[in-house]
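Since the structure comes first, as structure tokens, the remarks are kept for the end.
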Amino acid sequence: MSDRPLAQTVAALQPRARTELAELVAFKSVADPAQFPRSECEAAARWITEALRAEGFQDVALLDTPDGTQSVYGFLPGPAGAPTVLLYAHYDVQPPLDEDAWISPPFELTERDGRWYGRGAADCKGGLIMHLTALRALKEHGGVPVNVKVIVEGSEEQGTGGLERYAEAHPELLAADAIVIGDAGNFRVGLPTVTATLRGMTLVRVKVDTLEGNLHSGQFGGAAPDALAALIRILDSLRAEDGSTTVRGLAADAAWEGLEYPEAEFRKDARVLDGVGLLGSGTVADRIWSRPAVTVLGIDCPPVVGATPSVQAGARALVSLRVPPGTDAAEATKLLTAHLEGAAPWGARVAVEQVGQGQAFRADTGSPAYASMAQALREAYDGEEMQIAGMGGSIPLCNTLAGLYPDAEILLIGLSEPEAQIHAVNESVSPQELERLSLAEALFLGQYAKSRG
């Protein structure tokens, strides 16, 4: 057993953490075979199984989930009678988008200006490394004081629900007294934060057809119904004049109670160009944590380079709708579908296909586990008090776990603070945050074991 302080042990483990994060980032584990080979996800999953086995985990398994992806599970037994804590992360990542826009290769962990850059470095391969580092530090200080289950999802970014369906079919597998979701982030670097709410989401494809085939725009333009123009009108109907989301029948006036997000800080974090206004009304926290938000993620239409003078016969778009806690995602899907269909101009034919869906989540921040986490974060962050914030993103598994295990205490922490720029080009992670949160998690597991003793 080590005689040095736990914080020093965690610090000494950081070179290993960087090496392993680099190995994980190298896998192009986008869970979409249309963009990257399935073998990249399979290789990442195998890496995780080997890492868990090397740490003494039992019952390590690759779980074949209903959406065709794999999640990784392992169990590390603790002392007799100790509580069980489930640690969650995901290894699938968003596509790199425009690889030419990355300053360094997206799948090569690169240190620059005190941060480590690479796709998945913060979201959420770094979350797995955080879990491993915390457990390794505890092993050097007398052992892990709780039973630990680890689950690493393979399709979180795609929202296709594979792990959710698997957990529902095997409800005993992920049962735990406390669940630490390592896929959130601090409000900003150095400010320890737990996430209390997550917006739910629905993801749909909308297809518009108006003609049997494309037509010459000079010969037919002006009278022939243009599918791309129809799609643009449909999508524009989803926003009011001030840019706020307006899906017919969907409430959009809730107010956030808690940590506020100053507009100047948001503009800086979101890299809003000078002179460009923000969308919607109310506080920034209202808009990103308590109200619905629609985003057009992509449109299928001819690119500018190589476009021909044609009236388009068909067009498609991928539309995301985020909804706050208290709004049922399935009902939101129905409302969105009805809105898209009802907004079609000129009798254009509209078909809406649901691609993904996840419910919103609200944590019980008054639970005993939060007291343990508050103490752990205070110590890891040199006296900084824990803050409670919302997160506009979605982690659909949270609601599934809350439904399966109503007595479990669910906490959300992680590495995705604003500077991380997750889902964008040049994603990065702060090594200082990785170190402090690894220490906080180790301290939390110790505190939680004592609180349940």
Side-chain angles (χ1 to χ4, degrees), residues 1-17 20-21 24 47-61 71-89 124-152 172-183 194 367-380 401 405 408-415 434-453:
M1 187 172 76
S2 176
D3 292 328
R4 61 186 174 186
L6 186 62
Q8 290 184 12
T9 301
V10 171
L13 288 167
Q14 290 310 291
R16 183 177 182 182
E20 291 186 334
L21 184 57
L24 264 179
W47 187 98
I48 296 165
T49 62
E50 292 168 6
L52 294 182
R53 288 192 179 108
E55 295 303 321
F57 275 77
Q58 301 175 3
D59 305 323
V60 177
S71 293
V72 184
Y73 169 82
F75 173 69
L76 185 68
T84 298
V85 178
L86 174 69
L87 305 179
Y88 167 91
C124 175
K125 292 175 177 179
L128 172 61
I129 299 302
M130 175 185 74
H131 295 326
L132 291 175
T133 301
L135 296 175
R136 287 166 179 159
L138 287 170
K139 284 182 178 181
E140 292 191 29
H141 286 262
V144 179
V146 296
N147 299 298
V148 173
K149 294 180 178 180
V150 165
I151 186 69
V152 190
E172 75 292 339
L173 185 71
L174 303 182
D177 299 293
I179 300 170
V180 179
I181 305 290
D183 192 24
V194 293
S367 66
Y370 273 84
S372 295
M373 183 61 77
Q375 184 174 344
L377 287 168
R378 186 185 307 114
E379 183 173 343
L401 296 176
Y405 319 117
E409 302 172 84
I410 302 178
L411 306 97
L412 292 97
I413 61 172
L415 300 162
L434 176 58
E435 180 177 335
R436 285 182 289 208
L437 285 168
S438 298
L439 173 59
E441 184 164 275
L443 291 167
F444 164 75
L445 294 175
Q447 293 289 346
Y448 187 66
K450 292 177 183 177
S451 73
R452 295 293 297 264

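From a predicted model like this one, the values you see are computed outputs, not experimental measurements.
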Output the distance between atom [atom1] ([X]) and atom [atom2] ([Y]), rounded to the nearest 0.5 Å.
| X | Y | atom1 | atom2 | result |
| --- | --- | --- | --- | --- |
| Lys125 | Glu20 | NZ | CD | 13.5 Å |
| Leu377 | Arg436 | CG | CZ | 11.0 Å |
| Ser438 | Leu415 | OG | CG | 7.5 Å |
| Met373 | Leu411 | CE | CG | 5.0 Å |
| Leu412 | Ile181 | CG | CD1 | 5.5 Å |
| Ser372 | Arg452 | OG | CZ | 10.0 Å |

Any heavy-atom pair between the side chains of [Y] and [X] that's under 4.5 Å?
| X | Y | value |
| --- | --- | --- |
| Tyr405 | Leu174 | yes |
| Glu140 | Leu13 | yes |
| Leu87 | Glu441 | yes |
| Gln375 | Leu443 | no |

### Query
How would you list, by chain and number, every residue that makes a side chain to side chain donor-acceptor pair (under 3.5 Å) with Arg53, sequence neighbours excluded?
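Arg53 satisfies side chain to side chain donor-acceptor pair (under 3.5 Å) with no residue once adjacent residues are dropped.
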With Leu52, which of Leu76, Asp59, Leu135, Val72 fulfils side chain to side chain contact (heavy atoms under 4.5 Å, CB included)?
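Answer after filtering Leu76, Asp59, Leu135, Val72: Val72.
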| request: Would you mind telling me which of Leu86, Ile151, Val60 makes a side chain to side chain contact (heavy atoms under 4.5 Å, CB included) with Tyr73? | output: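 Considering Leu86, Ile151, Val60, a side chain to side chain contact (heavy atoms under 4.5 Å, CB included) with Tyr73 is found only for Ile151.
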Between [X] and [Y], which heavy-atom pair has the shortest distance, and what is it?
| X | Y | result |
| --- | --- | --- |
| Leu132 | Ala51 | CD1-CB, 4.4 Å |
| Ala449 | Val146 | CB-CG1, 3.7 Å |
| Pro145 | Leu138 | CD-CD1, 4.0 Å |
| Phe444 | Ala376 | N-CB, 3.5 Å |
| Ala137 | Thr9 | CA-CG2, 3.8 Å |
| Cys124 | Gly182 | SG-O, 3.2 Å |

_Sequence-distant partners of Ala17, side chain to side chain contact (heavy atoms under 4.5 Å, CB included), two or more places apart_ =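 Testing Ala17 for side chain to side chain contact (heavy atoms under 4.5 Å, CB included), a comparison that skips the adjacent residues, returns Gln14, Ile129, Thr133, Leu434.
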Hey, is the main chain of [Y] close enough, under 3.5 Å, to the side chain of [X] for a donor-acceptor pair?
| X | Y | result |
| --- | --- | --- |
| Asn147 | Gly78 | yes |
| Tyr88 | Leu128 | no |
| Lys149 | Leu173 | yes |

Within 6.0 Å of CD in Glu379, more than 12 heavy atoms from elsewhere: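 Open.
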